[in-house]
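We name chains A, B, ... by the order of the sequence lines, and we start the count at 1 in each one.
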Number of protein chains: 4
Amino acid sequence: MSKKQDIMTATLDLIHEEGLQSVTFSKLFKRANVGSGTIYNYFTNKEDLVNEVYRDSRLKMGEFLIQGYDPNASLYERFKCLQMNRLKFGMHFPKNFLFIDSYSFSPYISPELRNQDDDYHSSKIIQDLIVDGQRQGIIKEMDSHLCHQLIHGIISSILKGYFVNKYPLNELQIQQIIEASWKAILI
Amino acid sequence: MSKKQDIMTATLDLIHEEGLQSVTFSKLFKRANVGSGTIYNYFTNKEDLVNEVYRDSRLKMGEFLIQGYDPNASLYERFKCLQMNRLKFGMHFPKNFLFIDSYSFSPYISPELRNQDDDYHSSKIIQDLIVDGQRQGIIKEMDSHLCHQLIHGIISSILKGYFVNKYPLNELQIQQIIEASWKAILI
Amino acid sequence: MSKKQDIMTATLDLIHEEGLQSVTFSKLFKRANVGSGTIYNYFTNKEDLVNEVYRDSRLKMGEFLIQGYDPNASLYERFKCLQMNRLKFGMHFPKNFLFIDSYSFSPYISPELRNQDDDYHSSKIIQDLIVDGQRQGIIKEMDSHLCHQLIHGIISSILKGYFVNKYPLNELQIQQIIEASWKAILI
Amino acid sequence: MSKKQDIMTATLDLIHEEGLQSVTFSKLFKRANVGSGTIYNYFTNKEDLVNEVYRDSRLKMGEFLIQGYDPNASLYERFKCLQMNRLKFGMHFPKNFLFIDSYSFSPYISPELRNQDDDYHSSKIIQDLIVDGQRQGIIKEMDSHLCHQLIHGIISSILKGYFVNKYPLNELQIQQIIEASWKAILI
DNA sequence: AATGAATGAGACTTCATTCAT
DNA sequence: TATGAATGAAGTCTCATTCAT
């Protein structure tokens, strides 16, 4: 399992550093310290490798997003937990986050993979939360997907600015972002 | 000038359809109906071509963003104008918008180009607006770049959901988005 | 057309010298004096190239086989002409002959190609000749395809022995072979 | 001994099905149900394996060809026996026959092997038979190798037509072939 | 300015072979 | 003996770029 992990790690690193299009096999072999044929013991081809790295990242994110989620907590507490998790995931795993964000709609990622439901669970939870909030008259009436995209998008966007050092993300800023995203969708 | 435009248009089309990484020159020649050597009369190489398409798109967006902007209008009116323009630009010119959004941080785009100020004017206007609002006690105190990224990010994110048909964007939804982004940054 | 011919000639030469399986592109490029990409201006891939060389050889042989054939000559004269032509073709164009003989049933040659009728004409003529001879009571009654294969096979076999210098093929021997193949099928 | 036989059988099968050039070790391992390293316990490399399969086939054929040969029988009886045996060998062991026929002149088969005398005995017998027949004034005077090649070639050619279902080979046809090959070389 | 045949560096991939278990 | 993960040389093929027309 070690070699396979080495290859996948090297792949994600290279994608992060130079972009998917410049990940060549020779770079990959050197980085992962494996022979050129070794990849083909684990992956049928380059596309398969990239897809597996993608699947892996999605899985990792899916698990992270619902960490510590308490279905019985207050609406705001639940909202805060989900937004916080997404933000923290991005901050702790920038390579995974950016890879997912950038390539989710790239032709390199097979359509089936794009629509996998590894992280469906967290997605479902957010949708439920929105609908619940609207029923309670707390969250503004609007298309729940639009609402979902809105709060999700705020986090993604903020993270991308953070990665290029536009601003720090300390407790204060994090608080402000959570609050802003909450206010955005209130009635 | 016609051939040059043909090539640039074909480039943007292909990037939109298949992604930058799969834009090959042979596809480009066929699409643009030019001979393979013709490109080199206008662009020094592939990178130069892509950069010029990028510069062109940024320029186009920069002009669009400040359409109808009235510096003497109320804070909210000015905010609404800028957000609306960004949203309309994305809706009218999805290819340009997505290209800018996706490749602004790609290694394909030269760093100098990324930091060009073709659209600096609109950027400056937004920053000023934020600072002005904060001084007036209307907009919440926070890093102005963070604030900028926040309202910009909402639009970008919403557009991407729209492009993959997650929801429609009619007057109602547009109204809700502008309102949400406004409430997000209020005190 | 010159480059294409160069490549095809080099291909046939290499197949003759080292066998199809050891015809690599790098050997081919050096032999044909072309750049490695040039092949792909004329052939879609290696299989296509080999198939075209095969088609070319079959065409060449098909034309050669019916040279000087006089439908009004006597049965024996016609028989002699066809057998002679086949023998002469093999002696003059050993590369083409051996390539056809060896690879007609190789998986490298596409089935459609194998069953092409470029040389159908000569094949038809031989069949007709056999049937005619049988009707005249000169040629022994037997399956005409079996008879065809018999006289064809004698020539092929003799040529292969000749190519590895088992014996010379002068006028005397040629006479003996024609005679032997004629006697073989007489009543 | 079982593993070795498994490997050799799988090799001959694959050669028959797909041609020597497309017999790869990975196909071989799967077909023979052995690990990839196992081959190297029995054969030094791929060429050695193929040569051994070739040697094996030649040996098998050599023994088959002289089955029931009676040196004291009449000239025609001896001729018939040898031709019959060759025909029967091809019909009973098409894989071995075709492998020998196709690759006897392939560079894959080492020259020493090609000239081995495993089947020299039968070859010698045929030569002797020809010379004997010529001395008796029954067989036409001609180069004995040419004569040998002629009668051998008729059988080979007929078999190849049979393998691709050009015609059946029943008692009648077999009789006709033996007769034809006999008449071909008579005075 | 416009062309496209020719190029060759370098991409992806295969496959015989090795070696630690 | 038997195995199969690992290897890397060598194969096929792509594609940005050049240059003679």
Side-chain angles (χ1 to χ4, degrees), chain A residues 1-4 6-7 21-30 32-50, chain B residues 1-4 6-7 21-30 32-50, chain C residues 1-4 6-7 21-30 32-50, chain D residues 1-4 6-7 21-30 32-50:
Chain A
M1 192 58 179
S2 177
K3 289 274 172 189
K4 186 175 183 181
D6 288 353
I7 292 167
Q21 78 232 318
S22 73
V23 175
T24 65
F25 274 27
S26 64
K27 286 177 189 169
L28 209 45
F29 304 145
K30 280 165 202 151
N33 258 310
V34 298
S36 63
T38 304
I39 279 186
Y40 294 92
N41 291 331
Y42 299 107
F43 309 96
T44 60
N45 54 32
K46 194 182 177 182
E47 194 189 357
D48 183 43
L49 163 60
V50 172
Chain B
M1 190 58 179
S2 175
K3 290 273 174 191
K4 185 173 183 182
D6 287 352
I7 292 167
Q21 77 220 307
S22 75
V23 174
T24 65
F25 271 26
S26 67
K27 286 178 188 169
L28 209 44
F29 304 143
K30 279 165 203 149
N33 260 309
V34 298
S36 65
T38 305
I39 274 189
Y40 294 93
N41 291 328
Y42 300 107
F43 309 96
T44 62
N45 56 30
K46 193 180 178 182
E47 195 189 357
D48 183 41
L49 162 62
V50 173
Chain C
M1 192 57 180
S2 176
K3 289 274 173 188
K4 185 173 182 181
D6 288 352
I7 292 167
Q21 80 233 316
S22 73
V23 175
T24 64
F25 274 26
S26 63
K27 286 177 190 168
L28 209 44
F29 304 144
K30 280 165 200 149
N33 258 310
V34 298
S36 63
T38 304
I39 279 186
Y40 295 93
N41 291 331
Y42 299 107
F43 309 96
T44 60
N45 55 32
K46 194 181 176 180
E47 194 188 358
D48 183 43
L49 162 60
V50 173
Chain D
M1 190 56 180
S2 175
K3 290 271 174 191
K4 185 173 182 181
D6 288 351
I7 292 167
Q21 77 219 311
S22 75
V23 174
T24 66
F25 272 26
S26 66
K27 285 178 188 169
L28 211 43
F29 304 144
K30 279 165 203 149
N33 261 310
V34 297
S36 65
T38 305
I39 274 188
Y40 294 92
N41 291 328
Y42 300 107
F43 309 95
T44 62
N45 55 32
K46 193 181 176 181
E47 195 188 357
D48 183 41
L49 162 60
V50 172

Please list, chain by chain and in numerical order, all residues satisfying ring-ring contact (aromatic ring centres under 6.0 Å, His included) with B:F25, sequence neighbours excluded.
B:F29
Closest of F:dT3, E:dA6, E:dA1 to the B:Y42 side chain is E:dA1
Between NZ of B:K30 and C1' of E:dA2 the distance, given in whole Å, is 18 Å
How do B:T38 and C:I39 order along DNA chain E: which one's closest nucleotide is nearer the 5' end?
B:T38
With the side chain defined as heavy atoms from C-beta on, B:N41 is closest, among E:dA2, F:dT1, F:dT7, to E:dA2
Does a side-chain N or O of C:K3 approach OP1 or OP2 of E:dT7 to a distance below 4.0 Å, or not?
yes
5' to 3', nucleotides 16-21 of chain E under a 4.0 Å protein heavy-atom cut-off (B base, S sugar-phosphate only, - none) gives SBB---
Without decimals, in angstroms, what is the distance between A:D6 CG and F:dT7 P?
10 Å
Separation of C:I7 CD1 from C:I39 CD1 (nearest 0.5 Å):
5.0 Å
Can you list everything that forms a side chain to side chain contact (heavy atoms under 4.5 Å, CB included) with C:N33? Sequence neighbours excluded, please.
none
Spacing between D:K27 atom NZ and E:dT14 atom C1', to the nearest angstrom:
11 Å
Rounded to whole Å, NZ of D:K4 lies from P of F:dA2 at a distance of 12 Å
Could you give the CD-to-P distance, from A:Q21 to F:dC15, as a whole number of Å?
14 Å
Specify the separation, in whole Å, of atom CG of B:D48 and atom C1' of F:dA16.
14 Å
Using whole Å, what does the distance between atom P of nucleotide E:dA6 and atom CZ of C:F43 come to?
12 Å
For DNA chain E, please output the secondary structure as dot-bracket, reading 5' to 3'. Pairs are Watson-Crick or G-U wobble, both atom distances under 3.5 Å; mark crossing pairs with [ ], other-strand partners with |, unpaired with a dot.
.||||||||||||||||||||
Salt bridge (Lys or Arg N to Asp or Glu O under 4.0 Å) filter on D:K30, not counting sequence neighbours, yields none
Using atom CG of A:L28 as one end and atom P of E:dC12 as the other, report the distance to the nearest whole Å.
9 Å
Rounded to the nearest 0.5 Å, how far apart are CG of C:D6 and NZ of C:K3?
6.5 Å
Mind running side-chain contact (heavy atoms from CB on, under 4.5 Å) on D:L49 and D:L28 for me, showing each step along the way?
CA-CA 11 Å; D:L49 162 60; D:L28 211 43; 3.5 Å; yes
With C:N45, which residues qualify under side chain to side chain contact (heavy atoms under 4.5 Å, CB included), at least two apart?
C:E47, C:D48
